[in-house]
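First the proteins, then the strands, lettered A, B, ... as listed; each starts at 1.
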Amino acid sequence: MELEEQTSVGEVLVRYLVRAQLRSALLMTGLLGAGLFGLPLLFYVLPSLGDMVIAGIRLPWLVLGVLPYPFMALLGFWYSRAAARHERDFLHMIER
Amino acid sequence: MPEVSVIWTLGGIAVVVLATFAIGAWGSSHARATSDLHRARRLVREERNAAAISGEYLSAASFLGVAGLILKDGSSALWYPIGFASGYLAVMLFIAAPLRRSGAYTVPDFAVVRLDSPWLRWFTTAFVVVIGWLYLVPQFQAAGLTFAVIAEVPAWAGAVALLPVVLASVFSGGMRAVTLVQAFQYWLKLFAITFPAFVLFAVFLLGGSAQERLNAPGPVFERDTSVEVETSVTLQVTEPTWLRVTGTRDSPPDPLKTSGTADVWVKPGDYEVDAGSALSFPAGAAVPVVAGAEADNGSWMHPGSDDSASLAGTYSLILATFLGTMGLPHVLVRFYSNPSGHGARRTALFVLILLGTFYLFPTVLGLLSRLFTPKLLATGETDAAVLLLPHAMLDNWLGALLAALTAAGAFAAFVSTSSGLVVSVAGVVSSNFQRVKNWQLPVLLLLTAVVPMGLALLVSDQDLARSVGLAFAMAASTFCPLLVLGVWWRRLTAFGAAAGLLAGGGLVLAALAVSVVRPDAGGLFGELVRQPALVSVPVAFAAMVLVSLGTRRQVPEGVSRMMLRMHAPDRLGFQDDPRTRKPMPAKESGGRHRR
C-alpha cells in the first residue's frame, strides 16, 4: 500500500491513527484535570479538607507538595505506552 | 553576612563558572556559524538530553522564587512548581513526537513547514523574541538580588556581572557542548538544593522546638531584630507592637515615616515604609508582612483561595504554566536533538521525573524559611530565602558552606537558563536570514542578552516566580494554540494562526501594560491583570479556529502529507530526515513502504 500517494484508504488510516493518539492525549489531560487541577476547586468548596492531617502532614501540603510529581510521571508513562501501542496497531494495519 | 562566608560564597560561584567553562571547552568546537548553534548534533541520548532540558529549564524562578513565594503565600504557592513541571506533560501529550517528526525545531520553522507561509516566519519570530526577553528579565533581576544579598553590592552590579558570564558561555560552546554543560548544571542544581534541604531539615527536627514553632499563630521575631527596608513596601501589622523607626522623611500622618529615630506604638493596619528606613522590633513581636502575604500561620498552611477571585487566579496560573512550556524557545530546540518521535516522548517523561525530584526541595526550604527567616516578610525580599536560610539556622562553618552551595546553585540557575535562551532566541532570529554574515551572529547574541539586562535595571523587581509566570502566559496564548492546532487540526491556515497570535499576544501585552499602571488592582480584575492566561488562551484558540474556518481556501495543499509525516510511526521513515532514516536491511523491508 502506498501511503505517500494519498490513496483514500491510506488517508483514512492516518486519520484513524491521529484520532486515536488525540483521544489518548485528551484522556490523560482529563485524568490530570480531575486528579490534580480539580484540587483548588475542591479546597474552595470544602475548606475543612485543608485542615486534615495525615501522618503528621497537613493534607494540602501532601497533595500539593509531594503527590503531584509521581502522579504526573505515572500519567506520562501510561501515555507513552498508549501512544506506542497506537503506532504498532497502525503498522499492523498497513502491513496486512 | 559575615566576611568569611562572603568569600566562601564568591568562591563557590567562581567554581561553578570555571566548571561550566571547563566542560564547555572540553566538549566543544567554537560556535562561529548559525548552523553550529542550531544543530544539536544528533542523537543525544534520551537520559542526557532530559537532564540537559531540566538543567536549562530550572531557572532562578525555580531555584529561588518558589521558596520565596511559599514563605509568603504558603500552600497556595505550591501551584507554581506543579505548573512548571506539568508543562512537560502537556509537551509530551500534544506536541513532542509530532513536532520532532515534522523536522521543525523552532516555532517559525514549524509555521513554514506546516502552513507553507514564509511571511508567518517573521511574525512568529517577533513573538519568540518577546517571550525570550520576558523570561530573561527576571533572570537578570535574580542575579542582581543574589549579589546584593551575599556581597552587599547594589542590585544592578549583579545583573551587569551576569552578562559577561552568559555571553562567554554562549560564545564558547556549540550545542553539543551546551548539552553537556546543561546536563551538568541539572545535577549541580539538584545537589545545591537537596543537600542544604536535608541538612537544614535535620537541624530543624533535632532543634526540638519543631511542634511549638509550627503551632505559633504567626511568625514572630525570636530576638531583638533590626530590619532594613531596601525597596518601598506596604506592611500589614496584625499585632499591636512597639517599634523603633529610623527614617529619611517626615510625614505626619504616617507613623512609620519619620526623619531621625523615633519609638512608635503601631496598631494593626497597613503602613507604608520608605526605602532606606530601618525598623527595630523587640524580641517576641509579631512580624509584620508585606501586603498580600499571609500574615497568620493558619491561613498560610491552608490552600489560599477563600474567595473566588483568587481561585480564578490559581486556575489562570495553572493554564499558563501547563500550556506555556511548549512555547518557550529554549524548550523546543532541545526536543529536536532526539533521535525519533518516540525518543522525544521518552525524553519528556524523563524530564518530568527529574523536575519532580527537584521541586520537592524548594518546598522544604520555603517551609523552613517561614520559621527561621521571617524578617524577609517585612523587607519584601522573600526571593532571598534560600540564600539566607542556612545562616539563619546554622551560625557556624556548616551554615557558611551551605550558603555558598545555595548561592552557587542559584548562579548556575541564571547562567544555564539565560544562555540557553540567548542561544535559542538569537538562533531563531538568524535563521530568518538567507545567509548570516560572520559579524551578524555575535551582534544578535549580544542584543538578545543586553536588552533584557537593561530592562531588568529599569523595572522594579517583583517576585521572580510571578514575573516568569508572565512569560509562560505569553507562550501559552500564542505558540501553544499554533502548535497544538497545527499538529492535530488539518484546517488551520496561516491567516488563522496570525489572528490567534495577535489576539492572544495582544491581550497579554495589554494586561502587562495595565499591571504596570495599576500594580495593586484588586479582585478578579487584579488577578487577571497579573496572570491573564485564563482569558487570553481561550481567546487565542477561538481566534485561530474562527479565522481559519473563514479562510478555508488557504489550507495548504500538502496538509495530508504533513499529517502523515508528523504522526506516522518513526519506523516508516517519512520524516525527510536523513539522520533518522536508517538504511533498512533487505530482510526487514516489510517495515518500509517507500521506494
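- You'll find the side chain of Phe322(B) reaches within 4.5 Å of the side chain of Thr29(A), heavy atoms only.
- For His342(B), the part lying under 4.5 angstrom from a heavy atom of chain A is the side chain only.
- Using a 4.5 Å cut-off on side-chain heavy atoms (C-beta onward), Trp61(A) and Leu367(B) make contact.
- Atom OG of Ser86(B) and atom CZ of Phe71(A) lie 11.5 Å apart (nearest 0.5 Å).
- In this structure the side chain of Leu89(B) never reaches within 4.5 angstrom of the side chain of Tyr79(A), judged on heavy atoms.
- Between chain A and the residues Phe350(B), Trp79(B), Tyr88(B), the largest count of heavy-atom pairs under 4.5 Å involves Trp79(B).
- The two residues Pro40(A) and Ile318(B) come nearest to each other via the heavy atoms CG-CD1, 4.0 Å.
- Contacts of Pro98(B) with chain A are absent, with no heavy-atom separation under 4.5 Å from either backbone or side chain.
- Contact of Ala83(A) with chain B is made through backbone and side chain together, with heavy-atom distances under 4.5 Å.
- Residue Tyr16(A) holds its OH atom at 15.5 Å from NE2 of His567(B), rounded to the nearest 0.5 Å.
- In this structure, chain B has heavy atoms under 4.5 Å from both the backbone and the side chain of Leu36(A).
- Across all non-hydrogen atoms, the minimal contact from Pro569(B) to Leu91(A) is CG-CG, 4.0 Å.
- Between the side chain of Tyr315(B) and the backbone N or O of Phe37(A), at least one donor-acceptor pair lies under 3.5 Å.
- Smallest separation of non-hydrogen atoms from Pro81(B) and Tyr69(A): CB-OH, 3.2 Å.
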- Please test Leu26(A) against Phe94(B) for side-chain contact (heavy atoms from CB on, under 4.5 Å), starting from the C-alpha separation and ending with a verdict. CA-CA 9 Å; Leu26(A) 291 177; Phe94(B) 294 109; 4.0 Å; yes
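- With rounding to the nearest 0.5 angstrom, the CE atom of Met72(A) is 8.5 Å from the CG atom of Leu355(B).
- In terms of heavy-atom pairs under 4.5 Å with chain B, the best-connected choice from Ala73(A), Ser24(A), Pro70(A) is Ala73(A).
- Considering CG of Leu93(B) and CD of Gln21(A), their distance stands at 11.0 Å, rounded to 0.5 Å.
- When heavy atoms are compared at a cutoff of 4.5 Å, Ile82(B) approaches chain A by way of both its backbone and its side chain.
- Proximity to chain B involves both the backbone and the side chain of Leu22(A), based on heavy atoms less than 4.5 angstrom apart.
- Heavy atoms closer than 4.5 Å to chain A are found in the side chain of Arg490(B), but not in its backbone.
- No side-chain heavy atom of Pro68(A) sits less than 4.5 Å from a side-chain heavy atom of Tyr359(B).
- Across all non-hydrogen atoms, the minimal contact from Leu78(B) to Pro60(A) is CD1-O, 4.3 Å.
- Counting heavy-atom pairs closer than 4.5 Å to chain A, the top-ranked of the candidates Leu349(B), Ile70(B), Thr363(B) is Leu349(B).
- Contacts of Arg345(B) classified as salt bridge (Lys or Arg N to Asp or Glu O under 4.0 Å), with partners at least two apart in sequence or in another chain: Glu87(A).
- Summarising the geometry, atom CE belonging to Met92(B) is positioned 4.5 Å from atom OG belonging to Ser80(A); distances are rounded to the nearest 0.5 Å.
- With values rounded to the nearest 0.5 angstrom, Leu39(A) atom CG is found 11.5 Å from Ser75(B) atom OG.
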